[in-house]
Amino acid sequence: MAGCGGSNGGGGFFGGPVPPVPPAPADKYSAEVRWTQYGLPHVKAKDYAGLGYGQGYAVARDQLCLLADRVVTLRGERSERFGPDGVAVVAFLQIPNLDSDLFYRVQLSDAEVETAWKGLSSDARQLAEGYAAGFNRLLRDMTPEARAAACKGMEPPRMKASDVLRATMQVGSLWKALGVAAYASASTWDQLGAPPVAKAAADRPPAQQMASNAWAYGAEATGTNTSIMVANPHTLWQDHWLLMHQMHLTIPGEIDVMGADFLGLPLPLSGFTQHLAWSIEAPSTVTYPLLIAMDVTSGARPSYTVDGAPHALEMKTVELRVKQVDGSVRTQSYSLPYSHLGPLYRLPADTGRPAGWHAVTDPNVGNARALDQILAVAKARDIAGFEKAVVQNRGITAHLIAGDSQGQAMYIESGPLLDIGDAALRDCAVVPPPDDATVPAALDGRRSACAVRGADGQPRLAPASRIPALATRGIVQNANDSYSLSLVGQQLDGYSLLLGSAKAPPGARTLMSQRQIQDSLADGRIDTAEATDMVFGNRNYLAETTLDAVLAACTSAAGDAVVQRACGILSAWDRRHNIDSRGALLFTELGSRLEAVPGLYAEPYDPARPFRVRPVSTAPGVTAGIVAAMRDTAVALDALGLRGDERWGDMLARPTPHGRVPLHGGPGGQGVLNALEGAPLTKDGYGDIIAGTSYVHVVTWVQDKLVARVMVASGQSTDPASPHHDDQLALFSRKQLVTPPFTDAEIAADPKLELLTLRE
């Protein structure tokens, strides 16, 4: 029948023109996710929105409930879901949900997040929006029953781009949280008639001990034209956002980066590209925010005094939905006092700090530029580009160590720094510190000059020229100490006291790092095997420098069978914390008692010779103290049914559904670089790992080709049902790093390849 077929010469069914077919609407988000062995997601997209989309989906597949918990925490909604008295972990502190909610509702407020959003590039915004959409896509792909079962009855909230910013900004708020978060509810004006603080300073919630290491060996140390970069960040191993999750993100021709992030951040904080490798470290010696002691007068018209003039306190109301004892939810209002410096916190007296009201001057306020910083780092081709990426953004409050394919290495202080000189710090101190090398605990808020604010009321920031950026073809290293000893072979001074004191004794891991570097350089160069052994050698600095003296002290207790048995165990110990080491348990438990012996060292620490081994005193009182410490340790172990010479891997192990996996590593405080902190000791050992080595990469370049070896010790997922819950634990136990597939051909050839195309 004529006219009833397809078009012919441009005619339609009835001989008219064929209307154009409208193009299919473009996907807002599109990504390809390829998983390879050990659950490593390789996310490829054509733009940053798609890149975030695939990454958000991939992380949520492994860590849905921890991500959901983090969203609830940073929004300040824990009291609504779990009640005000439940426990939240804020900056390594366990505090009540109410304190957590009040802290984050103020310090990561909508206004602060909006400020941060305005400061981001379009690429970073797209990444954040895509990440949230990817998380939400996974939620949609699950049934309500599956979501509830996965998260123990909690319905995960839908994520917003603002939640990604809050997660990014939380990294910069850690130091502020450590100082004031535990006192948030005690700082409401409603509580003015209550005791000055919720708890005494001595009862402050303890923080988990954290540690990290990083090294970059430049061409002069490797004897080649390239560098070796070793990342060894340590994080919590339990259910906490400070877990590292591995990723590989690619926009062809734009960005190609692999590494590991903290949960909720869409980019690697420790990572590598075809030309560059870097790692993050917590700057535990750096003072980022400053407490400002305020002179507050209560009464009918509350006020505070600055430069002799009174100013009215402003009261701002925070409304929280709070779950009641009967299960109902009620909105409760909390009145918070504000000065021109922002919210005030009522803190207890502490060393160098009076009890009373304090403001916080924080250089990281409204700062989520870590997103733009890592994007810029991932595009850099050398150390010069790396430095530029950091300096132009200042978005990560951390030390960064980096090495490139051209043999350069760098240590750089990455975060923003308050602009105040050392003399002004001392002049503004409410309580003068004991020496010129100590940052005052609080500055005098009665003087406007001490608030470190600009004319606009914002924190006054120092220029880049006053922040360390140390480039070399030698070696840089750091183990959470200051910049002073990070450039191996030099001792630096002259930067702000806020960045750490050059006179302060280095930590035991820094001392161990220096010792191992010198041992490795005995033949004139360091190779990848020696660089890897920096992490996995498991040497104990305290033992290497004191155990001979301890054993010598044993001769003074010849008739003490308990002490002699302990001395025999230690004399046979290899002074390492390997799985088969015997005696490591005894010395681990002895260490704190040994260091508490009065006058243990014959000489004081000499800042001019920071790496000199101080001899142990042979004074009779010290010898007696060492013997007593040995006896006390042996008796305490005996009470648990332990001798102290048990195989270390039987004591330090992680329980899994398939049995306990023996591990190596030991106390970072004793200078073990592969720091692993176990749960309290019982007759069966340390029970589980609380914190320690979480991610390792050893990266170099051979004939301009990337050579990377990696491992995520705690695994990609905390869900025991996940195949990637503990599938890398055996690698860690064997000290085995693996070569991750990086190119498309390597990914396609992976025997565990799983492919998913996502569109929305």
Side-chain angles (χ1 to χ4, degrees), residues 209 504-512 514-516 537-578 581-606 609-648 651-652 665-673 675-678 680-681 685-686:
Q209 294 298 310
R509 284 181 294 108
T510 294
L511 296 172
M512 188 77 257
Q514 175 71 17
R515 174 175 277 226
Q516 288 193 227
N538 295 316
R539 292 166 58 179
N540 184 308
Y541 181 83
L542 183 64
E544 290 188 10
T545 56
T546 65
L547 188 50
D548 287 344
V550 169
L551 295 175
C554 292
T555 60
S556 69
D560 191 324
V562 172
V563 171
Q564 291 306 309
R565 186 183 68 177
C567 292
I569 290 171
L570 290 181
S571 65
W573 176 41
D574 62 5
R575 307 186 187 194
R576 295 179 185 252
H577 291 258
N578 288 321
S581 295
R582 294 181 180 272
L585 174 63
L586 179 58
F587 194 84
T588 296
E589 295 300 305
L590 172 66
S592 59
R593 295 180 174 92
L594 185 65
E595 293 186 300
V597 172
L600 178 66
Y601 294 105
E603 301 173 2
Y605 170 72
D606 181 0
R609 296 184 293 175
F611 298 116
R612 182 175 183 271
V613 175
R614 292 189 288 162
V616 173
S617 173
T618 57
V622 172
T623 298
I626 292 173
V627 169
M630 290 277 283
R631 184 183 302 107
D632 290 346
T633 303
V635 169
L637 288 172
D638 185 65
L640 294 173
L642 300 170
R643 287 174 47 89
D645 61 351
E646 288 78 5
R647 195 178 76 124
W648 181 241
M651 297 289 99
L652 189 75
Q670 294 182 14
V672 181
L673 290 166
L676 281 189
E677 306 296 337
L681 182 65
Y686 291 100

Item to complete: With rounding to the nearest 0.5 Å, note down the distance linking CG in Asn578 to CG in Leu652.
Response: 11.5 Å
Residues 612-629, side-chain donor-acceptor partners within the protein, below 3.5 Å, at least two apart:
| from | atom 1 | to | atom 2 | distance (Å) |
| --- | --- | --- | --- | --- |
| Arg612 | NH1 | Glu603 | OE1 | 2.4 |
| Arg614 | NH1 | Glu603 | O | 3.2 |
| Ser617 | OG | Ala619 | N | 3.1 |
| Thr623 | OG1 | Ala619 | O | 3.4 |

Discussion item. Quick check: do Leu586 and Trp573 have side-chain heavy atoms less than 4.5 Å from each other?
Written reply: no
Worksheet item: Is the shortest heavy-atom distance from the side chain of Pro506 to the side chain of Tyr605 under 4.5 Å?
Response: yes
Worksheet item: For Arg565, which residues count as a salt bridge (Lys or Arg N to Asp or Glu O under 4.0 Å) partner, sequence neighbours excluded?
Response: none
Fill in: Validation row: Leu570, Met630 side chains within 4.5 angstrom (heavy atoms)
yes
Sequence neighbours left out, cut at 3.5 Å: what donor-acceptor pairs do the side chains of residues 545-557 make with other protein atoms?
| from | atom 1 | to | atom 2 | distance (Å) |
| --- | --- | --- | --- | --- |
| Thr545 | OG1 | Tyr541 | O | 2.9 |
| Thr545 | OG1 | Leu542 | O | 3.4 |
| Thr546 | OG1 | Leu542 | O | 2.6 |
| Asp548 | OD1 | Arg575 | NH1 | 3.2 |
| Asp548 | OD1 | Arg575 | NH2 | 2.8 |
| Thr555 | OG1 | Ala552 | O | 2.7 |
| Ser556 | OG | Ala553 | O | 2.7 |

Practice prompt. Answer whether the closest heavy-atom distance between the side chains of Val672 and Met512 falls below 4.5 Å.
Written response: no
Worksheet item: What's the spacing between Phe587 CZ and Arg576 CZ if we round to 0.5 Å?
Response: 14.5 Å
Discussion item. Give me the atom names and distance for the closest heavy-atom approach of Gly591 to Gln670.
Written reply: CA-NE2, 3.5 Å
Fill in: Partners meeting salt bridge (Lys or Arg N to Asp or Glu O under 4.0 Å) with Asp574 (sequence neighbours left out)
none
Fill in: Test item: Thr633 and Leu594 side chains (from C-beta on) under 4.5 Å apart, heavy atoms
no
Item to complete: Over all heavy atoms of both residues, which pair between Thr588 and Tyr686 is shortest? Give the atoms and the distance, please.
Response: CG2-OH, 3.5 Å
Worksheet item: How many angstroms lie between atom CD of Glu589 and atom CG of Leu637, to the nearest 0.5 angstrom?
Response: 6.0 Å
Fill in: Separation of Glu595 CD from Leu590 CG (nearest 0.5 Å)
9.5 Å
Response to the item:
salt bridge (Lys or Arg N to Asp or Glu O under 4.0 Å) filter on Arg515, not counting sequence neighbours, yields Glu544
Fill in: Euclidean distance, Thr510 OG1 relative to Leu673 CG, rounded to 0.5 Å
8.5 Å
Discussion item. Check whether Glu677 reaches the backbone of Gly668 with its side chain - one donor and one acceptor, N or O, closer than 3.5 Å.
Written reply: yes
Discussion item. Which residues pass the side chain to side chain contact (heavy atoms under 4.5 Å, CB included) test with Glu646, not counting sequence neighbours?
Written reply: Leu585, Leu642, Arg643, Met651
Worksheet item: Any idea which heavy atoms bring Val562 and Ala634 closest together, and the distance?
Response: CG1-CB, 3.6 Å
